[in-house]
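Each remark here refers to the structure printed beneath this line.
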Amino acid sequence: KSKDKGRGCFTFHTSEMTNEIRRRLALHQDLKEALNADNLFLVYQPKINTVNKQIMGVEALLRWNHPTQGFISPAEFIPIAETHGMMHRLGFRILEQACATMNRLHNQGIDLGVMSVNISPLQLDGDKFQERLIDLLNTYSLSGDVLELELTERIMVEPRTNIDQVLNGLAQQGIKFSLDDFGTGYSSLLRLKHWPFHQLKIAQEFVRDMLIDSNDQEIVKATIALAKNLELEVIAEGVEKNEQLAFLQQHGCYLVQGYLLAYPMTETDLLLWLKEYS
Ligand code: C2E
Ligand code: MG
Ligand code: MG
Ligand code: MG
């Protein structure tokens, strides 16, 4: 099964390896230029409560339209930004764009609920994250409770100094935390209970195959049950088919994200979509 190989785990022949290294180095250079030129932008994918059809919020997803290679996946270029010490700067640019969008929507009288932003664990290093984030919220007249940070289980596997303090400090400002791609990493259930997460996100790779693979189905069901027991929200991502939605609802997961309901959209397209939706 292809997914057993996991992300970032490849086997190469020497020439392929050289090519891959060359590509990453070139992308690193291009990414630096893109960051300076502001050539990265966010798209927004709704998170929907399928019981009352309400939009709970949107998730910001980063896009890079490379001048010669076209769109490159954030799954490829975020790790490059991380290994080259660009994640602090890039991360704040992302947060700033997300806050600016929320501010513009509020000014038009549009309440989208919560803005979710994916955060790399590296962004939490150093003592300035909380301070800078609160400054940003003030600049855009936003209260902490309109912001949600999506962290993956990496945060538990690669512990950072003062992480408890950082997360709890942010939680005190009303900022929410969602645990992304749940089940793909190595979570400590103990930490999960003690950290201020309010939501578990079932990874899309389980959702994708849950109707054809009984292991994936068991993982999905167990995650929903775990969330219930820990009194956390549970949301499924990557829902593309009606049958998947029906299965999730049947097992008590009503919060959903996926192409079936809405694609990630630019701010302009999101506004048009909202008019149609409501
Ligand atoms: P993620 O946070 O788990 O995001 C979900 C991914 O699934 C997104 O891919 C989204 O476009 C895609 N998706 C949504 N609905 C469906 C669906 O129904 N079917 C399928 N097949 N896919 C769907 P994307 O935008 O390529 O992002 C990939 C990953 O890159 C994200 O996974 C996240 O880990 C990372 N990422 C994206 N934007 C950012 C960012 O601003 N900061 C950081 N640190 N990471 C980011
Ligand atoms: Mg996410
Ligand atoms: Mg995810
Ligand atoms: Mg993912």
Side-chain angles (χ1 to χ4, degrees), residues 2-3 6-8 31 34-35 40-48 50 56-66 70-84 86-101 114-125 129 133 147-155 158 176-185 187 197 199-211 219-220 223 233-245 248 255-266 269-270:
S2 65
K3 81 169 151 273
R7 227 180 281 168
L31 188 58
L35 194 53
L40 298 154
F41 63 98
L42 292 175
V43 288
Y44 302 97
Q45 186 180 35
K47 287 184 168 182
I48 294 175
T50 58
M56 308 159 58
V58 292
E59 176 179 6
L61 294 159
L62 191 59
R63 292 292 175 265
W64 178 19
N65 193 358
H66 187 281
F71 283 99
I72 298 175
S73 167
E76 179 171 14
F77 70 81
I78 292 280
I80 295 176
E82 287 180 337
T83 47
H84 289 92
M86 297 163 76
M87 209 51 230
H88 271 101
R89 199 164 142 229
L90 177 57
F92 260 93
R93 193 70 70 73
I94 292 163
L95 282 163
E96 173 148 42
Q97 284 188 24
C99 288
T101 291
V114 174
M115 170 68 73
S116 302
V117 180
N118 293 286
I119 298 290
S120 153
L122 302 184
Q123 286 175 257
L124 303 176
D125 285 347
F129 184 79
L133 185 49
L147 187 65
E148 176 177 72
L149 305 182
E150 293 195 6
L151 298 167
T152 66
E153 291 164 290
R154 271 176 71 196
I155 199 78
E158 309 162 21
K176 292 184 256 295
F177 292 93
S178 175
L179 190 56
D180 205 350
D181 299 343
F182 185 74
T184 59
S187 285
F197 287 103
Q199 182 180 81
L200 291 187
K201 275 188 104 163
I202 305 172
Q204 59 165 284
E205 57 195 280
F206 301 126
V207 174
R208 187 186 60 213
D209 294 341
M210 68 186 178
L211 298 181
I219 291 170
V220 169
T223 305
E233 262 179 31
V234 61
I235 184 166
E237 65 178 2
V239 177
E240 296 181 354
K241 299 188 182 105
N242 274 313
E243 299 75 47
Q244 292 168 332
L245 176 60
L248 290 162
L255 308 181
V256 166
Q257 225 180 346
Y259 298 163
L260 179 66
L261 297 149
Y263 286 91
M265 294 169 274
T266 61
D269 288 343
L270 179 68

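Each residue takes its place number in the sequence, starting with 1. Order of listing sets the numbers, starting from 1, for every ligand and every atom in it.
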With rounding to 10 degrees, Asn118 OD1, the Mg ion (ligand 2) and Asp180 OD2 define an angle of 90°

Checking distances from the Mg ion (ligand 3), one finds that the N, O or S atom of Glu237 closest to it is OE2

Among Ala236, Pro74, Ala262, closest by heavy atom to atom 36 (N) of ligand 1 is Pro74

Next item on the list: Examine Gln257 against ligand 1 and note whether any of their N/O atoms are separated by less than 3.5 Å.
Entry: no

To the Mg ion (ligand 2), the closest N, O or S atom belonging to Glu150 is OE1

Closest heavy-atom pair, Asp125 versus His88, reported as atoms and distance to 0.1 Å, is O-NE2, 3.1 Å

At under 4.0 Å between heavy atoms, what of Thr152 touches ligand 1? The answer is neither

Item to check | Polar contact flag for Leu62 and ligand 1 (N/O pairs, less than 3.5 Å) | outcome: yes

Counting heavy atoms under 4.0 Å, the part of Glu237 that contacts ligand 1 is side chain

The answer for which part of Lys201 has a heavy atom under 4.0 Å from ligand 1 is neither

Nearest heavy-atom contact between Met115 and Ala60 is SD-CB, 4.1 Å

- Message: Using 2.8 Å as the threshold, say whether any N, O or S atom from Asp181 sits that close to the Mg ion (ligand 3).
- Response: yes

task = Would you check the N or O atoms of Gln123, main chain and side chain alike, for any that come under 3.5 Å of an N or O of ligand 1?
result = no

Counting heavy atoms under 4.0 Å, the part of Ile78 that contacts ligand 1 is side chain

Would you say Glu59 and Ser116 are linked by a side-chain donor-acceptor pair, where the criterion is simply a distance under 3.5 Å? no

Restricting Glu59 to its N/O/S atoms, the closest one to the Mg ion (ligand 2) is OE2

